A.B. asks: 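Could you have a look at this structure, given as C-alpha cells, before my questions?
These numbers come from the heavy atoms of this one structure, side chains and all, not from hydrogens, waters or symmetry mates. None of the values given here were measured: they were computed from a predicted structure.
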Amino acid sequence: MSQGFSVYVGNAPFQTTEEQIGQFFSNVGQVNNVRIVYDRETGRPRGFAFVEFADEAAAQRAVQELNGADFNGRQLRVNLANNK
DNA sequence: AATGAGCGC
C-alpha cells in the first residue's frame with residue numbers, strides 16, 4: 001500500500017543509491033521517499049526502484065520528462081507504479 | 001554470488 005504518488009524506475013545501474021535517485025528525481029518535484037528493491041535472498045539490488053512524490057503532478061512530470069533519460073550511463077525506465 | 005527485463009520485505 002502506498003500512501004503517495006509513486007513511479008516505477010527500471011533499468012537503473014546496480015550500484016545506484018537511493019540518494020542518487022532522490023537527487024535525480026527531485027529535479028521534477030518533491031521526493032518523499034525512494035525505495036530500491038533488493039533481492040530478498042542475496043541482498044543485491046534488483047536494478048529497479050520506486051520513487052514516491054509529494055504530489056501527482058510531480059509523478060507525472062517524472063514519467064514524461066525522465067522516462068528514457070540517461071542516468072549514470074543507462075536509460076531509465078520511468079512509469080507510474082502499480083500502487084499495490 | 002551472478003544479472004539487464006522486470007512493478008516492491
A.B. asks: Among A:Tyr8, A:Phe14, A:Tyr38, which residue meets the ring pair (Phe, Tyr, Trp, His ring centres under 6.0 Å) test with A:Phe48?
C.D. replies: A:Tyr8
A.B. asks: Just wondering, are more than 12 heavy atoms of other shown residues or ligands nearer than 6.0 Å to CD in A:Gln23?
C.D. replies: no
A.B. asks: Look at the side chain of A:Phe14 and decide which nucleotide, out of B:dG8, B:dG6, B:dT3, has an atom nearest to it.
C.D. replies: B:dT3
A.B. asks: Over how many whole Å does the gap from A:Asp39 atom CG to B:dT3 atom C1' extend?
C.D. replies: 11 Å
A.B. asks: According to a hydrophobic-cluster definition based on side-chain heavy atoms being under 4.5 Å apart (Ile, Leu, Val, Met, Phe, Trp, Tyr only), do A:Phe50 and A:Phe71 belong together?
C.D. replies: no
A.B. asks: Within the 4.0 Å heavy-atom criterion, would you say A:Gly47 contacts the bases, only the backbone, or no part of the nucleic acid?
C.D. replies: base
A.B. asks: If you pin A:Phe48 and A:Thr42 to their nearest nucleotides in DNA chain B, which one's is more 5'?
C.D. replies: A:Thr42
A.B. asks: Determine whether A:Phe25 and A:Leu76 make a side-chain contact, defined as any pair of heavy atoms from C-beta on separated by less than 4.5 Å.
C.D. replies: yes
A.B. asks: Grab the CG-C1' distance between A:Asn67 and B:dC7 for me, whole Å please.
C.D. replies: 14 Å
A.B. asks: What is the distance, rounded to the nearest whole Å, between atom CZ of A:Phe71 and atom P of B:dG4?
C.D. replies: 20 Å
A.B. asks: From B:dC9, B:dG6, B:dG4, pick the nucleotide closest to the side chain of A:Asn11?
C.D. replies: B:dG4
A.B. asks: What integer distance in Å separates A:Gln75:CD from B:dA5:P?
C.D. replies: 13 Å
A.B. asks: Which one, B:dG4, B:dG6, B:dC7, comes nearest to the side chain of A:Arg74?
C.D. replies: B:dG4
A.B. asks: If two hydrophobic side chains count as joined below 4.5 Å and joins carry through other members, does A:Phe24 share a cluster with A:Val34?
C.D. replies: yes
A.B. asks: What's A:Arg35 touching, base or sugar-phosphate or nothing? Going by heavy atoms closer than 4.0 Å.
C.D. replies: base
A.B. asks: A:Tyr38 OH to B:dC7 P: how many Å, rounded?
C.D. replies: 19 Å
A.B. asks: For A:Arg46 and B:dC7, give me the distance from atom CZ to atom C1', rounded to whole Å.
C.D. replies: 9 Å
A.B. asks: Could you tell me how far apart A:Glu52 (CD) and B:dC7 (C1') are, to the nearest whole angstrom?
C.D. replies: 15 Å
A.B. asks: Just how far, in rounded Å, is P of B:dA1 from CZ of A:Arg40?
C.D. replies: 15 Å
